[in-house]
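See structure below.
Quick note on labels: first sequence line is chain A, next is B, and so on, each numbered from 1.
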Amino acid sequence: MVLLNQKTDVELVGHLMRRAAFGEPIDRLEEKASSAYEALVDDLINVDKFPRLNEDLLERHNIQHADEESRQWTRARWIYRMINSERPLEEKVALMWHDVFATGDSKVGNNPMMRTHYEMLRDYGLGNFRNLLLALAKDPAMIYWLDQQMNHAEAPNENFGRELLELFSMGIGNYTEEDVKECARAFTGWTKSQTIPRYPNGFFDSEFIFREEDHDNGPKTFLGETGNFNGDDIIDIIVKQPATAQFVAAQIYDFFVSDDPDAARIDDIARVFIESEYVVSDVLRFVFNSDFFKESRFNKVKSPAELVVGTAILAGRHQTPYEFGLTKMATATKNMGQDLLNPPTVEGWHTGREWIDSSYLVERINFSSKMIGDLEAPGTSKMLDRISTNRVSMTPDELLDACLSEMGKIHLKPPSRAILFEELNVTSELTCGTEEFEAVVSQVLRLIVSSREYQFA
Amino acid sequence: MVTTAKSDKSINTRPPVFVVLQLSGGNDFMSTVIPYNDPHYFEYRKTVGIPEDDALHIDGGYAFHPSMGPIKNLWDEGKVAIFPGTGYPSPNRSHFRSMDIWHTANPEALSSDGWLGKTIRDLDPNKENVVTGVSFGSGLPRAMYLSGTPAISVSELEGYGLLTDLAGRQQRQAIKAFTRMYAPEEFEEADVVWDHLGQTGIDALTGADMLKTAPPAYTSSIEYANDALSQSLKGIAQVHLSGIGTRVFYAQLGGFDVHGAQIQTQQTLLANVSRSVGDFFDDLRENDGSQEVIMMIFSEFGRRIKDNGNGTDHGSGGGTMLIGDRVKGGFYDPYPSLAPEDQLDGDMHFSHDFRSIYSTVLEQWLDLNPNPIVNGSFDQFENVFNL
């Protein structure tokens, strides 16, 4: 393909990697910039080209968790994958679906089940939306979260049926109360095996079970179609509804493009969803290659997971299984308002500007500044080396640009840049390699992550 | 104990302050305020029952846990209100869910609006004071979260603030740059999110600057212990006494989930609670700051009536306490009977909804309309405060 010979603007690569992955430092971006943009998108989307992480060492090193997957450890493992996976898009997509299909251990209270749940989102998240909904309907954590085990032929429980329509697909206003009832009936008998009690041996996972004898096999009328529907028939009907296409498109636009919905763009995405027969990765390929995506830079507030993981990647933290403090990364996202695997409600987190709150902002800035400003951090140390390679001295202006570039071509608004420069108050050239030089680099990195711009992806 | 209050006039002009102390993990209320007058107590508490000789007896056949000397002293002074049998309908025995229910005052539906977040909003509707609500501990509790309402979370007061791992000139420089980068006047083009971020940054900095004034202005003869809770309560005393206008405080202590080793664990934890709470009120009294403060001590649920051989499992009905110089001491509800026919699935049957206590505090202490905050109208307890 001719495209392979084309290069990509490195700022655009930075944007793509912040949105479709968790951001990367300049050396990795420059490497990618020698490929065509479309090829980079394909590499992100075709996750099977790259292996999953080998976690043997991670588990061995965190042996205290080996016999019982603890709450914080379940989160930390996910964060480790976000930082290190060669398939970052599948982790990112899992994060998106986690906010849509918000299921939490506040109710589920079982760490292996929550891990299975999130891995289901990761495994099915890029595929056909029908298969994702089906996997969701069979997921033990989801079953318990929405009382599906109490949905019996003789006594239907509508909780799952209702949320499937309201929060997981079409959205309110696109179906009737009668549809909710019929939907719930179709899912009767979809339940999970009883979990083994936690004490004394720890948490056990459970699995999906279909109980034929507890399934209402009578005729149902759902969204205008009639038949002896089972749950998978219902999902087939849901997936082809225009409202579902709109819903999925809106979620993808909100998560990957902008916090402000744009009806025309969402219509375009919905059309691709239908044309692709509901394949999420096809939709993402269209989005990432679109001009509106390429132009939407630094206008989305980073979620706490994106901020923590992105900063850890730049600082080169937790890139080996041996580094202490992985669970603190999970605590950090929680302190910033996003306790992974424990969304506040079935509606997920309030995103965009609502990530910004006085306590959360202090956490965001203190966390990022401490991590990136530490010259011992492998990534920071590498940035320092690169900045001064082949140079004897630098002007403060050059140094500021070099730091912004190192952190993935971050763009500061002119006033922010001017303020940063003025307050830095370094008037003469800096000699590379000196202690003063290193201190200034550390300070500049800290000020960059403290900026308003850094809160955006 | 030295108790000197200034004239009623000065007391009445000071805005009331509410401190919440959360005991996480499900504190066993039956061993906190022990119902020795119930013939079934030792029948169900064969292994974790507290020997009568050790306990700190009060009237009516009840006793405090042996480690709760300082709280017993406050009781003797008539400053402790006890609400045995706190709970809510259809009790949930999951820690996280039950804690959420207490934090959002909403057992029916999942919500992200904290009841103290709404309280802070209503105490300071024009957002004039960013330190109206201050929590001590790791992360803001959901109870204090409400979108658009500032609330501050402090892990340690000493050194709290922005960019705290920096020091001296480096920190001053970074803070100055931060202040300008978040100030609206430096930017011509702006949008809603950009402005919100700027305002939030400035609020956070203002809050940090205000809190920073507390430790240097503080002197006290009370020596708090070094544990986290004592330090949290010391921080609360410092902030309160500094007069920066905080109205809602939060502190927490975990570890009450005593499925095993209950005797030793609870001994340590309740001693920690009692000593720190005693020190806290002594400190406030010494510094003439106790009359306007009440403290509520709660846990997300109580524990099973029957012990499991070494501890107790998750239950439902528990108990709550209000402590303060203007709290009228006493029992505000009968202690739930432990008789089998009176139990709720093996638990102490709750006699009042926790939202009744919330409503009592909100309306009678903080002078707010409780209904929008607790999501409904609940019966209140009467005559709990000397107003």
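Checked against side-chain contact (heavy atoms from CB on, under 4.5 Å), B:Pro184 has no partners two or more places apart in sequence or in another chain. Taking B:Pro89 as the reference, B:Phe350, B:Asp353, B:Arg355 meet the side-chain contact (heavy atoms from CB on, under 4.5 Å) condition, with sequence neighbours excluded. In this structure, the side-chain contact (heavy atoms from CB on, under 4.5 Å) partners of B:Ala251, at least two apart in sequence or on a different chain, are B:Leu21, B:Leu229, B:Ser232, B:Leu233, B:Ile236.
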message = What verdict does the side chain to side chain contact (heavy atoms under 4.5 Å, CB included) test give for A:Leu340 and A:Ile79, after you've listed the backbone C-alpha separation in whole Å, the side-chain angles of each residue and the deciding distance to 0.1 Å?
response = CA-CA 9 Å; A:Leu340 290 172; A:Ile79 287 177; 4.0 Å; yes

Candidate pair A:Val449 and A:Ile365, rule side chain to side chain contact (heavy atoms under 4.5 Å, CB included), full reasoning = CA-CA 7 Å; A:Val449 297; A:Ile365 289 171; over 6 Å; no

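Per-residue counts of heavy-atom pairs under 4.5 Å with chain A were compared for B:Ala204, B:Gly207, B:Gly148; the largest is that of B:Ala204. Contact count against chain A (heavy-atom pairs under 4.5 Å) is highest for B:Leu162 among B:Ile152, B:Val193, B:Ile202, B:Leu162. Annotation: maximal heavy-atom pairing with chain B below 4.5 Å, among A:Ile419, A:Leu412, A:Ile356, occurs at A:Ile419.
Residue A:Ile196 holds its CD1 atom at 4.5 Å from CZ of A:Phe204, rounded to the nearest 0.5 Å.
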Step through the atoms of chain B and chain A and list each donor-acceptor pair whose separation is under 3.5 Å.
from, atom 1, to, atom 2, distance (Å)
B:Ser94, OG, A:Ser106, O, 2.8
B:Arg97, N, A:Ser106, O, 3.3
B:Ser147, OG, A:Glu354, OE1, 3.0
B:Ala151, O, A:Ser358, OG, 3.3
B:Ala151, O, A:Ser359, OG, 2.8
B:Ser153, N, A:Ser359, OG, 3.0
B:Gly161, O, A:Asn366, ND2, 2.9
B:Leu163, N, A:Asn366, OD1, 2.6
B:Asp165, OD1, A:Arg446, NH1, 3.3
B:Asp165, OD2, A:Arg446, NH1, 2.7
B:Asp165, OD2, A:Arg446, NH2, 3.3
B:Gln170, O, A:Gln443, NE2, 2.9
B:Gln170, NE2, A:Gln443, OE1, 3.2
B:Gln173, OE1, A:Gln443, NE2, 2.7
B:Gln173, NE2, A:Glu423, O, 3.0
B:Gln173, NE2, A:Leu424, O, 3.0
B:Lys176, NZ, A:Glu423, OE1, 3.3
B:Lys176, NZ, A:Glu423, OE2, 3.3
B:Arg180, NH1, A:Glu422, OE1, 2.9
B:Arg180, NH1, A:Glu423, OE2, 2.8
B:Arg180, NH2, A:Glu422, OE1, 3.1
B:Met181, O, A:Arg452, NE, 3.0
B:Met181, O, A:Arg452, NH2, 3.2
B:Tyr182, O, A:Arg452, NH2, 3.4
B:Tyr182, OH, A:Ser450, O, 2.7
B:Tyr182, OH, A:Ser451, O, 3.4
B:Ala183, O, A:Arg452, NH2, 3.4
B:Trp194, O, A:Arg452, NH1, 2.7
B:His196, ND1, A:Arg353, NH2, 3.1
B:His196, NE2, A:Arg353, O, 3.4
B:His196, NE2, A:Ile356, O, 2.9
B:His259, NE2, A:Tyr199, OH, 3.4

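Using a 4.5 Å cut-off between heavy atoms, B:Ala151 contacts chain A through its backbone alone, with no side-chain atom that close. Contact annotation for B:Leu197: both backbone and side-chain heavy atoms come within less than 4.5 Å of a heavy atom of chain A.
With a 4.5 Å cut-off on side-chain heavy atoms, B:Val239 and B:Phe249 count as touching.
When all heavy atoms of A:Val441 and A:Cys403 are compared, the pair lying nearest together is CG1-SG, 4.2 Å.
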